[in-house]
Amino acid sequence: MNDYFSKDIRESVRELKTDLLQGLSGQEAQKRLEENGHNRLQGAAERTLFQLFAEQFKDFLVIILIVAAIISMVVGIVQGEGIFDSLVIIAIVIVNAIIGVNQETKANNALKALKEMSSPQAKVIRNGDIVRMPSDELVTGDVVILDAGDYIPADVRLVESFNLKIDEAALTGESVPVEKNCESILSDDAPLGDRVNSAFMGTVITYGRGKGIVSATGMETQMGNIAAMLNESKEETTPLQKKLDSLGKVLGIVCIAVCAIIFVLGLLKGDELMEIFMVSVSLAVAAIPEGLTVVVTVILAMGMQQMVKSHAIIKRLSAVETLGSTTVICSDKTGTLTQNKMTVVKVFDHEKAYDVTGTGYSREGSVTVEEGGRLSSNITELIKGAVLCNDAVYDIEKSQIIGDPTEGAMLVLGEKIGLSKDRLNEEYRRVQEIPFDSDRKLMSTFHEKDGELTIYTKGAPDEILKRCTHIYKDGAVSEITEADRRKILEANFSFAKGALRVLGVASKAVETLDDFDSQENSLTYLGLMCMIDPPREEVKPAVDECRKAGIRVKMITGDHKITASAIAGDLGIMSPGEEALEGAEIQLLSDEELREKVKTVNVFARVSPEHKVRLVAACKANGEIVAMTGDGVNDAPSLKRADIGVAMGITGTDVSKEAADMILTDDNFVSIVHAVEEGRTIYNNIRKVVGYLLSCNIGEILLIFLAMLFNLPMPLMPIHLLSINLITDAFPAFALGMEEREPGIMDQKPRDPNESIIDKKMRVAVAMQSLFLGIGALTAFYIGHISYRDVEGGETIARTMCFVALILGELFRAYSNRSEKRSIFGIRLLSNSFLNKCVIASFAFLVVVVYVPFLNTIFSTAPLTLTQLSEAIGFAVVPTLGGELAKLITKRMK
């Protein structure tokens, strides 16, 4: 049991069998690694290749395909025509399974690569030397060195702590770094957030340094415990999975019903039992859209690959479509909506505020002064004090900050006006410091120049002001007046109200370093520094786009209400006068009351992990499709609960990535909006594919049904139906799935998540197109039957004319199906190059089947004369007219 927080350092060292100076020996460390395994979080048990392959056959439509193959095999054996038809179906099923396995494997591999990229290094004492090694090689008893900016590589019992602060938001949700004290000994039941003598895997050091003994690794850590719980949870099925499953069941019932009706009609007419059985089976084969499952899978796979280019890794194919139906995006603030780079935006001396240009950690920018004016000595002295009283490090080449982000913002400001920390520290050598603590709310550093000592202090403005007796004005020091104090406090209040984080800076000359406690008194006020984590510039247009698309954006953050509201207002998430809720207020609401609140409130501040789960549940209870972002372990439950969990690829923990459906490789809100747009496009394309394939198959059913009704011979053989369904239908359907997005796709409101893929408009369109397709092909067959019934092989000629009219009719109609709303004359007809290639390939297949002699025998076709071919082509145009007429009708429908 990892209860070292309740034991003193000496007892912990003894029980973990280590040495604080020498660490473990390499031999002992290897032995423990072999006994306990690597320091890694384990996901759910990985499925084998066989399991992945077997899962592809659970889909209802795939089961129908297998049944179709069996039926086709029976038909082939009974009629003595072989099992070619069934082998074709089985081949399609296997190809579908291979594609599914391939795409799932790609997604898993991408996730593994992302984990490896983010795997931290650790500084460890081994054999008395400090060495760097991958954190997954740590073992219990290892002594680790901890510095500002480091990730904690495992659960650790601290043995040294110097001003050590650790950001544990990823684990506890607490946004303020926790001050650590290695000497504390806690009770056995101390909650996680109070264990100040311990550090936990995945959290990050923001300040100070320390040393600790690894007390738990891998799944034994606090993060491991949460990961284990997540592995036990079940994934919810997405809207697309439900709809396709429902569609597959309907199609299965239709197939059985069609078989039964035709069989009964045949018996009533007095047809031979075996003959009518074969006819009904052929019609059932025609009713099954064999290519639907594989086409939809490929469309989703292509969409998944497309999203990688837009900085989104999708872990599940079906999640691609779910994004398209999103109605609410619940987003964290820091790093997603904002830059996660504290920036000084204003500086204030004793009477005036100056704006600072430039955002983030770039040196581009400056303090704004009047045209022709120069930076005052007041502001220069203020910035110099802030840069000197500072423990952060600014990596100029990488534009990165190591240490506290607030201190980093001050260093960047210094660089903007030419006051670099390195140069100042050479001129003003630091000789002593008084670290920050939460009681004083101050930090001070002592600097020596030319034998003179100066103390620079920064901290909470009110605390600074209490300790100031003088004020710096225009190069001179004078006594501070009550009017000065009042003006400074008013300015501080105004800045804080505007969601700025404000720090005061002061200084004074000192005679000696003795009597530390009294040095932070009788200070000289220099000014105020005002900072904020600025919004990403690209987010506001993305939020506006969401609004046009009928998607509500909600900010759910651990930050303060004032800060959250200000950022939300800048981004257009929150309008003036709208309400924002804090976690404490959420706590007092019942589930029913919260459901009502989430309908109107878009900003939730100071929330806990439990609140996030409740907020997601409340939105879903209102019928919303919810996308939820998160990066910490504490976000994992809400990511799981959401319809689409979105983890951060850069700052996100491994546990949050495991829990999510999508991972943003750039941690940017805009990438979510792009993914939603791609999801809508994919759903539209799936609709086009479903409508196209269904109208093809229903048209074939009508063709055979009407032929029976009018007492005509069978217009098509089973081999004709299969070749049409699997080759000339499937390839154009693939191409329709690759259509570019329709204009104005993000101007539409989200569809009803309960809406069927085959809605009222599609039913009308499918009915019209099927009718025209069936009538066109049947007319071609009838003319051939009447014209050539007395000719040898006349029935084969008639069937071939029907075959040609049906295939060409479906190929021509594919161009009309490129848009559900726009006329064929309103789109760039040949802009889908993939469709053009598929049509050419399908046409080539038709030509060889009709005009290559040995294929005539296999496919029961006959070469057509120019007149016969012209007649067939003429009737092939009819279905396209039906498709365009359907668009005119559905445009008038609500």
Side-chain angles (χ1 to χ4, degrees), residues 2 4 12 16 18 20 22-43 111-161 164-172 180 195 198-206 208-228 230 400 402 631-633 636 647-658 663:
N2 186 10
Y4 296 99
S12 298
L16 289 166
T18 189
L20 294 182
Q22 296 296 313
L24 296 176
S25 67
Q27 185 178 2
E28 177 62 23
Q30 183 61 35
K31 177 185 174 185
R32 296 188 187 189
L33 187 66
E34 290 172 0
E35 288 176 354
N36 302 317
H38 282 82
N39 177 34
R40 296 173 185 153
L41 297 181
Q42 303 297 323
L111 186 62
K112 287 176 184 176
L114 201 61
K115 282 185 181 179
E116 289 170 6
M117 287 169 58
S118 61
S119 178
Q121 297 276 308
K123 295 188 286 290
V124 187
I125 299 177
R126 288 273 177 92
N127 299 315
D129 297 323
I130 298 176
V131 296
R132 275 189 173 272
M133 63 170 49
S135 62
D136 66 357
E137 294 181 11
L138 289 180
V139 296
T140 54
D142 262 328
V143 179
V144 292
I145 306 298
L146 308 171
D147 292 310
D150 288 350
Y151 277 91
I152 305 297
D155 280 6
V156 170
R157 172 55 166 99
L158 296 171
V159 296
E160 290 181 8
S161 56
L164 186 63
K165 293 182 186 178
I166 299 179
D167 181 356
E168 296 182 347
L171 191 62
T172 65
K180 296 294 182 178
R195 296 178 191 175
S198 302
F200 306 103
M201 175 191 254
T203 58
V204 64
I205 301 171
T206 61
R209 59 187 175 84
K211 183 193 288 187
I213 313 169
V214 173
S215 57
T217 61
M219 296 302 287
E220 300 301 316
T221 63
Q222 293 297 327
M223 281 204 175
N225 294 339
I226 298 177
L230 288 171
Q400 290 180 348
I402 301 171
D631 56 6
V633 175
M648 303 296 113
I650 299 173
T651 61
T653 59
D654 283 349
V655 176
S656 67
K657 292 170 190 173
E658 286 287 356
I663 300 169

Audit row: Phe200, Arg195, side-chain contact (heavy atoms from CB on, under 4.5 Å) steps and yes/no: CA-CA 10 Å; Phe200 306 103; Arg195 296 178 191 175; 4.0 Å; yes
Within 6.0 angstrom of Glu35 CD, more than 12 heavy atoms from elsewhere: yes
Arg126, CZ atom: more than 12 neighbouring heavy atoms under 6.0 Å: yes
Under the salt bridge (Lys or Arg N to Asp or Glu O under 4.0 Å) test, which residues partner [X], sequence neighbours left out?
| X | value |
| --- | --- |
| Arg40 | Asp136 |
| Lys123 | Asp147, Asp150 |
| Lys165 | none |
| Glu28 | Arg32 |

Between the main-chain N or O of [Y] and the side-chain N or O of [X], is there a donor-acceptor pair closer than 3.5 Å?
| X | Y | value |
| --- | --- | --- |
| Arg157 | Tyr4 | yes |
| Thr221 | Gly224 | yes |
| Asp155 | Gln222 | yes |
| Asn127 | Gly26 | yes |

The criterion is side chain to side chain donor-acceptor pair (under 3.5 Å); which residues satisfy it with Glu34, sequence neighbours excluded? Gln30
Considering residues at least two apart in sequence or located in another chain, which fulfil the side chain to side chain donor-acceptor pair (under 3.5 Å) criterion with Thr217? none
Looking at every heavy atom in both [X] and [Y], which two are closest together, and how far apart are they?
| X | Y | value |
| --- | --- | --- |
| Asn39 | Ala154 | ND2-CB, 3.9 Å |
| Val156 | Gly212 | CG1-CA, 3.3 Å |
| Leu33 | Glu137 | CD1-O, 4.2 Å |
| Ile663 | Gly649 | CG2-CA, 3.6 Å |
| Leu24 | Val139 | CD1-CG2, 3.6 Å |

Does Thr203 reach the side chain of Asp167, with side-chain heavy atoms less than 4.5 Å apart? no
Between Ile152 and Ile166, is any pair of side-chain heavy atoms under 4.5 Å apart? yes
State which residue, out of Val143, Leu138, Val214, fulfils the side chain to side chain contact (heavy atoms under 4.5 Å, CB included) condition with Val124. Leu138
Gap between atom [atom2] of [Y] and atom [atom1] of [X] - 0.5 Å precision:
| X | Y | atom1 | atom2 | result |
| --- | --- | --- | --- | --- |
| Arg132 | Ile145 | CZ | CD1 | 11.5 Å |
| Ser12 | Leu20 | OG | CG | 9.5 Å |
| Ser215 | Glu220 | OG | CD | 11.0 Å |

Go through the steps for Glu168 and Lys180 under the test salt bridge (Lys or Arg N to Asp or Glu O under 4.0 Å), then give the verdict. CA-CA 11 Å; Glu168 296 182 347; Lys180 296 294 182 178; 2.6 Å; yes
